[in-house]
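Worksheet: one structure, shown below.
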Amino acid sequence: MDASFELLGAVFARLRATSAVTSYVGTRIYDKAPADSEGRVTVPFPYISNGPSTSIPDDYNCSDGEIVTIQLDVWSSGPGEAYSTAECRKICGGIQRALHGAELSLATNALVTLEWELTRIIEDRNPAIKHGVIQLSGTVELT
């Protein structure tokens, strides 16, 4: 099985089981957020979506491995905490705590480490939308 696909599934399962995340987004954690025929997202804020990912070889002695980098995007908009960056930052913090150093089980491959690398809060083209970016790096031993 593809290591990045398998790791992303495990990451999503952990987030769906983390109350510090689901208390904000509920079940709105997507590989690709649902959208209409013109590409406009059709789910309410806040939500989490999958961003770009990379995989590079990480072979060691006789073991095949990969370093998989995953980006998760946090989207927030609305009144109250969502108007500022507070809600977006709180969701990002919940993701960081849920995943940094997490020991996740993979069905086919073996996760060696999962590390939180960075969080960015960036401007969106729409000033009403707050966008958080979480980058994770996982070392996976391929079996």
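Sequence positions, counted from 1, serve as the residue numbers for this chain. Only heavy atoms go into these numbers, but all of them, side chains included; no hydrogens, no water, no symmetry mates.
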Can you give each donor-acceptor pair under 3.5 Å made by side-chain atoms of residues 79-86, sequence neighbours left out, with the distance rounded to 0.1 Å?
| residue | atom | partner | partner atom | Å |
| --- | --- | --- | --- | --- |
| Glu81 | OE1 | Lys90 | NZ | 3.4 |
| Glu81 | OE2 | Lys90 | NZ | 2.5 |
| Ser84 | OG | Glu81 | O | 3.3 |
| Ser84 | OG | Ala86 | N | 3.2 |
| Thr85 | OG1 | Arg89 | NE | 2.8 |

Quiz prompt | Full working for side chain to side chain contact (heavy atoms under 4.5 Å, CB included) between Phe45 and Val25 | solution = CA-CA 8 Å; Phe45 291 98; Val25 302; over 6 Å; no
Quiz item: In the single-linkage hydrophobic clustering (I, L, V, M, F, W, Y; side-chain heavy atoms under 4.5 Å), do Phe12 and Leu106 co-cluster?
Solution: yes
Backbone N/O of [Y] and side chain of [X]: donor-acceptor pair under 3.5 Å:
{"X": "Arg14", "Y": "Ala98", "answer": "yes"}
{"X": "Gln71", "Y": "Asn50", "answer": "no"}
{"X": "Arg97", "Y": "Gly93", "answer": "yes"}
{"X": "Arg28", "Y": "Pro46", "answer": "yes"}
{"X": "Asp124", "Y": "Pro127", "answer": "no"}
{"X": "Ser77", "Y": "Ala128", "answer": "yes"}
{"X": "Arg16", "Y": "Thr22", "answer": "no"}

Of all heavy-atom pairs between [X] and [Y], which one has the smallest distance, and what is that distance?
{"X": "Gly65", "Y": "Asp59", "value": "N-OD1, 3.0 Å"}
{"X": "Gly94", "Y": "Thr18", "value": "O-CG2, 4.4 Å"}
{"X": "Ile95", "Y": "Leu15", "value": "CG1-CD2, 4.0 Å"}

Can you tell me how far [atom2] of [Y] sits from [atom1] of [X], rounded to the nearest 0.5 angstrom?
{"X": "Leu72", "Y": "Ser49", "atom1": "CG", "atom2": "OG", "answer": "8.0 Å"}
{"X": "Ser55", "Y": "Ile67", "atom1": "OG", "atom2": "CD1", "answer": "10.0 Å"}
{"X": "Leu118", "Y": "Glu115", "atom1": "CG", "atom2": "CD", "answer": "13.0 Å"}
{"X": "Leu99", "Y": "Leu104", "atom1": "CG", "atom2": "CG", "answer": "6.5 Å"}
{"X": "Cys88", "Y": "Tyr24", "atom1": "SG", "atom2": "OH", "answer": "11.0 Å"}
{"X": "Ile56", "Y": "Thr69", "atom1": "CD1", "atom2": "OG1", "answer": "6.5 Å"}

Quiz item: Does any donor atom in the side chain of Gln96 or Thr119 lie under 3.5 Å from an acceptor atom in the other side chain?
Solution: yes
Is any side-chain heavy atom of [Y] closer than 4.5 Å to one of [X]?
{"X": "His131", "Y": "Trp75", "value": "yes"}
{"X": "Cys92", "Y": "Ile121", "value": "yes"}
{"X": "Val68", "Y": "Thr54", "value": "no"}

Quiz item: Where does the angle between the aromatic ring planes of Trp116 and His100 fall among parallel (under 30°), tilted (30 to 60°) and perpendicular (over 60°)?
Solution: perpendicular
Quiz item: What orientation do Tyr47 and Tyr30 show, parallel under 30°, tilted 30 to 60°, or perpendicular over 60°?
Solution: perpendicular
Exercise. Go through the steps to decide whether Leu7 and Leu111 satisfy the test side chain to side chain contact (heavy atoms under 4.5 Å, CB included), and finish with yes or no.
Key: CA-CA 8 Å; Leu7 180 57; Leu111 180 63; 4.0 Å; yes
Which side-chain N or O atoms in residues 135-143 pair as donor and acceptor under 3.5 Å with protein atoms at least two apart or in another chain?
| residue | atom | partner | partner atom | Å |
| --- | --- | --- | --- | --- |
| Gln135 | NE2 | Glu117 | OE1 | 2.7 |
| Ser137 | OG | Glu117 | OE2 | 3.3 |
| Thr139 | OG1 | Thr113 | OG1 | 3.4 |
| Thr143 | OG1 | Thr108 | O | 2.2 |

